[in-house]
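Worksheet for the structure shown next.
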Amino acid sequence: MSTKLFVGSLPWSANDEDLQNAFAAHGNVLSAKVVTDKETRRSRGFGFVEFETEAEANAAIQALNGAELKGRNIIVSEAKPKK
DNA sequence: GTTGAGCGTT
């Protein structure tokens, strides 16, 4: 279990605040970030969201996995540790 | 002015 969520299939127009705005409705978002390309500064189409608790994270997964964001159906699942 | 499975720049 983890409080970090992996969010995929994001629209190219999605930003950090778009993620936080969408996930904040289902839990306390500690941090939301869309991974952007370092060279082009454009979104890679996926991001990460961290919740206050695992319960909220799991609730957000079930609530937003497959949900529509900016016209795109997003994928939400538990993220793997960065380190 | 593009792309579409995956697991993060600083």
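All values reported here derive from a predicted model rather than from experimental measurement. Convention: sequence-line order gives letters A, B, ...; per-chain numbering from 1.
Residues A:Asp18 and A:Val34 fail the side-chain proximity criterion, which asks for heavy atoms closer than 4.5 Å. Using a 4.5 Å cut-off on side-chain heavy atoms (C-beta onward), A:Ile74 and A:Asn65 make no contact.
Contact annotation: A:Lys4 does not reach the phosphate of B:dC7 (side-chain N/O to OP1 or OP2, under 4.0 Å).
Within a 6.0 Å radius of CZ in A:Arg72, other residues, nucleotides and ligands contribute 12 heavy atoms or fewer.
If you take CZ of A:Phe48 and C1' of B:dT10, they are 14 Å apart, rounded to a whole angstrom.
Partners of A:Asp37 according to the side-chain hydrogen bond (donor to acceptor under 3.5 Å, both in side chains) rule, which considers only residues two or more places apart in sequence or in another chain, are A:Thr40.
Using a 4.0 Å heavy-atom criterion, one finds that A:Glu39 contacts no nucleic acid atom at all.
For the side-chain contact (heavy atoms from CB on, under 4.5 Å) with A:Phe48, the qualifying choice from A:Leu5, A:Leu19, A:Val35 is A:Val35, the only one to do so.
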N/O-N/O pairs, protein side and nucleotides 1-5 of chain B side, under 3.5 Å:
unit_1: B:dG4; atom_1: O6; unit_2: A:Trp12; atom_2: NE1; d: 3.0
unit_1: B:dG4; atom_1: N1; unit_2: A:Leu10; atom_2: O; d: 2.5
unit_1: B:dG4; atom_1: N2; unit_2: A:Leu10; atom_2: N; d: 3.2
unit_1: B:dG4; atom_1: N2; unit_2: A:Leu10; atom_2: O; d: 2.9
unit_1: B:dG4; atom_1: N2; unit_2: A:Gly45; atom_2: O; d: 2.8

